[in-house]
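All of these numbers come straight from a predicted model, not from anything done at the bench.
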Amino acid sequence: MLLQTLAALGLRDVVLCPGSRSGPLAFALADAALPDDERPDQVPPLNLYVRVDERSAGFLALGLAKGLEADYDMRPVAVVTTSGTAVANLLPAVLEAHHAGLPLLLLTADRPHELRGVGANQVTDQVHVFGPATRLTVDQPAPTGARDEARDLRQLASRAVAAALGARTGSPGPVHLNLAYRPPLTPSTVPWPEPDVRGLTVVTPRTSAMADAEPQSPGSGPLHHVRDQPTVLLAGDGAGPMARQVAEANGWPLLAEPSSGARGGPNAIAAYRVLVELRELGGAVRRVVVLGRPTLARPVQRLLARDDVEVDVIAPRGRDWPDAMRAATQVLTEVPTRMRSGRSSPDAWLREWTAADDAAGEAIDEVLDEVEDTRSRQRRFRTQPRITGPFLARAVARASRPDDVLVAGASHPIRDLDLVARWEDSPVVLANRGLSGIDGTVSTAAGVALAMPDRRVRALLGDLTFLHDVGGLLVPTHDAEPSVQLVVANDEGGSIFHTLEPGQDAYRDVFERVFATPHDVDLNALAQAYGLRYQLVADADDLEPVLESPLPGLSLVEVRVDRAGRRDLALALATRTVEAIGLLTR
């Protein structure tokens with residue numbers, strides 16, 4: 001009855017981890033996953049994915065939800081576990097879903113209440129394990145056969161789906177149903193019940209009445225000086241295509257992170273994190289309109305923190321709004337009508353930004369090509385057989401078509417893309433930026449690929465991110481294999497720290513052991529162990545054909561990347577771009 005109701009409310013995808021206490025759900029899911037010609041009429045069709053590692057399962061479900069949302073199909077995805085530590089392993093994915101606003105249904109099996117607090121095996125407090133990260137938590141007692149039990153269960157499922165989708169709150173996220181079961185945990189002779197609507201409640205999502213309202217700005221009237229201040233539009237993670245539309249309607253420079261869903265078009269400024277530091281450009285900004293959640297660039301945060309900059313945040317959903325620098329002048333729930341229909345032609349302000357960005361792009365390309373040309377000549381003498389991370393990111397960006405999906409790993413991969421990706425129409429770029437962790441990225445990419453089977457899916461991730469979720473490579477033999485190309489930038493350690501404070505020369509003595517964490521894992525052997533198709537790219541000339549023609553199914557492309565030269569390369573890129581822009585403005 002629970003699965004019947006959830007399916008009636010839109011559930012189509014379930015990730016299951018094996019266990020004894022969750023046996024009732026597992027047997028029912030096996031029925032629901034049968035082919036159409038074998039499944040009884042009263043059994044709803046469900047897509048079932050089985051994983052042995054609950055942490056990977058949680059991120060697979062998260063990837064499915066993220067892929068569905070990217071395809072404008074917002075519906076819940078469920079993950080089923082047994083009791084005990086299995087539940088705790090979902091926490092990283094639950095936290096990411098909480099901060100990213102993704103509708104996960106956590107169906108965790110538990111011992112009945114009489115076995116709690118008495119020292120019974122595999123029993124812990126599962127009800128509070130996720131803390132405040134869930135939109136709804138219910139500790140459902142084991143069935144007793146009470147008269148209204150079926151109606152009550154349908155009503156509970158209705159509330160769970162509504163809470164996960166944020167139908168009443170505008171804040172989607174994870175929901176936890178802790179389900180107690182008593183033996184027998186195997187099927188009885190009782191057939192599936194006929195579908196019933198008693199207790200079933202369809203909750204209509206809340207619609208905002210603010211779309212055409214002119215919200216008040218403190219002390220200055222509604223959206224004051226919309227057009228006569230030097231304004232930029234900052235599109236953070238999840239901003240959506242509306243950010244690009246607003247920037248182009250008003251002639252504003254568009255500072256869009258790769259996973260914003262808005263990076264592209266004539267207003268997009270790829271090298272924005274360099275340009276906002278320049279007095280002539282970033283220094284002249286007096287207003288920033290923020291959509292989505294900015295997570296990548298420290299120079300952007302410094303811009304938002306300035307006393308002479310007005311910050312207007314547009315946050316359509318969620319209880320909170322992005323304002324890490326605590327500087328927002330006003331917070332809107334929708335883009336006002338007058339902001340959607342601004343001027344249509346660019347003015348001198350936008351032309352200054354685009355001209356500087358073009359010069360910066362040429363300088364970045366020159367530096368990357370010069371470095372790679374030098375390394376190519378050195379490889380003839382068997383020295384320095386590695387390319388640079390930004391060069392790899394540029395190749396991946398150029399190989400990604402508008403219909404493709406690109407999952408970007410945390411740390412350097414997404415930051416490299418942020419610097420070098422120049423798209424007229426960007427691919428769908430997805431990333432776990434809720435908490436910006438490296439957890440579960442392989443599983444997330446697999447979930448995205450399963451949710452978007454008609455798209456070409458690629459993931460760009462670092463070696464530590466890949467190794468952190470190597471369990472995500474394990475696909476049971478009876479399950480569908482996700483089709484995704486995993487491009488791993490292998491620099492044998494954590495290169496992100498080279499460009500942060502720990503990478504300074506003063507800390508050289510301890511840097512390698514406690515920050516860089518070098519390793520010598522053989523990724524080819526690892527790929528063979530998991531049955532992955534494997535390709536090694538050691539030369540820049542081999543990158544393009546490998547990226548243009550991904551191998552079928554789940555494949556691994558290892559690219560040997562330089563780590564030691566990261567800090568010097570970052571300095572060279574910044575210096576050359578500033579010099580190029582300086583020549584332009586003379």
Side-chain angles (χ1 to χ4, degrees), residues 258 270-275 277 296-297 299 356-400 408-409 411-423 460-464 487-500 503-505 508 511-512 516 518 535-548 557-584:
Y272 66 88
R273 72 187 193 207
V274 178
L275 273 56
E277 297 271 68
L296 289 179
D357 187 49
D358 290 341
E362 291 177 5
I364 290 169
D365 286 341
E366 287 174 0
V367 171
L368 295 182
D369 291 339
E370 288 171 7
V371 171
E372 182 50 40
D373 184 60
T374 299
R375 291 170 184 266
S376 179
R377 291 196 300 270
Q378 290 170 336
R379 273 193 288 271
R380 299 171 190 170
F381 302 99
R382 300 183 181 278
T383 61
Q384 292 189 333
R386 295 177 182 272
I387 65 176
T388 66
F391 187 95
L392 170 60
R394 188 182 65 175
V396 169
R398 289 176 174 177
S400 299
S411 297
H412 260 139
I414 193 165
R415 286 174 171 81
D416 288 341
L417 280 171
D418 191 40
L419 181 65
V420 303
R422 292 174 175 271
W423 293 302
L460 174 63
L461 55 162
D463 52 311
L464 294 187
V487 181
V488 176
N490 185 9
D491 52 20
E492 299 171 357
S495 65
I496 186 67
F497 299 110
H498 280 276
T499 56
L500 300 176
Q504 298 174 21
D505 289 342
R508 184 178 298 175
F511 178 82
E512 279 294 300
Q535 294 170 288
L536 172 65
V537 175
D539 192 284
D541 292 338
D542 298 330
L543 260 179
E544 183 177 350
V546 169
L547 295 173
E548 286 293 340
V557 177
E558 179 184 0
V559 184
R560 302 285 173 81
V561 174
D562 173 55
R563 174 161 59 87
R566 264 288 183 178
R567 198 174 185 88
D568 291 340
L569 177 62
L571 179 61
L573 287 168
T575 301
R576 188 76 70 85
T577 53
V578 172
E579 289 174 351
I581 296 168
L583 291 173
L584 180 71

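Annotation: Gln504, atom CD; neighbour count of heavy atoms from other residues, nucleotides and ligands within 6.0 Å is above 12.
The structure places NE2 of His412 at 9.0 Å from CG of Asp491, a figure rounded to the nearest 0.5 Å. Interatomic distance, CG of Leu543 versus CD of Glu548, reported as 11.0 Å (0.5 Å rounding). If you take CG on Leu571 and CZ on Arg576, they are separated by 11.5 Å, rounding to the nearest 0.5 Å. To the nearest 0.5 Å, atom CD1 of residue Ile581 and atom CG of residue Leu275 are 4.0 Å apart. Going from atom CG of Asp562 over to atom CD of Glu492 covers 10.5 Å, rounded to the nearest 0.5 Å. Going from atom CD1 of Ile414 over to atom CG of Leu461 covers 12.0 Å, rounded to the nearest 0.5 Å.
The residues Arg394 and Glu372 are annotated as not salt-bridged, no charged nitrogen and carboxylate oxygen being separated by less than 4.0 angstrom. Salt bridge annotation for Arg415-Asp418: absent, with no cationic side-chain nitrogen under 4.0 angstrom from a carboxylate oxygen.
The two residues Glu277 and Arg273 make their nearest non-hydrogen contact at CG-O, 3.7 Å. Taking every heavy atom of both residues into account, Leu464 and Gly493 meet most closely at CD1-C, 3.7 Å. For Leu417 against Ala393, the heavy-atom pair with the smallest separation is CD2-O, 3.6 Å. Contact record, Val537 with Asp539: CG1-O, 3.4 Å, taken as the closest heavy-atom pair. In terms of heavy atoms, Ala397 sits closest to Trp423 at O-NE1, 2.9 Å. Between Ala421 and Ala270, the shortest heavy-atom distance links the atoms O-CB, 3.7 Å.
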**Report entry** Phe391 vs Asp369, side chain to side chain contact (heavy atoms under 4.5 Å, CB included): CA-CA, chis, key distance, verdict
**Finding:** CA-CA 8 Å; Phe391 187 95; Asp369 291 339; 3.9 Å; yes

Query - Test side chain to side chain contact (heavy atoms under 4.5 Å, CB included) applied to Thr575 and Val367, step by step - result: CA-CA 10 Å; Thr575 301; Val367 171; over 6 Å; no

Query raised in the report: Do Arg398 and Leu547 pass the side chain to side chain contact (heavy atoms under 4.5 Å, CB included) test, and can you show the C-alpha distance, the side-chain angles, and the key distance before you say yes or no?
Result: CA-CA 9 Å; Arg398 289 176 174 177; Leu547 295 173; over 6 Å; no

**Report entry** Stepwise side chain to side chain contact (heavy atoms under 4.5 Å, CB included) test for Leu392 and Val487
**Finding:** CA-CA 9 Å; Leu392 170 60; Val487 181; 4.1 Å; yes

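Counting only distance, with no hydrogens or angles, the side chain of Asn490 and the backbone of Arg560 share no donor-acceptor pair below 3.5 Å.
Partner of Pro390 under the side chain to side chain contact (heavy atoms under 4.5 Å, CB included) criterion, chosen from Val371, Ile364, Val561, Leu368: Leu368.
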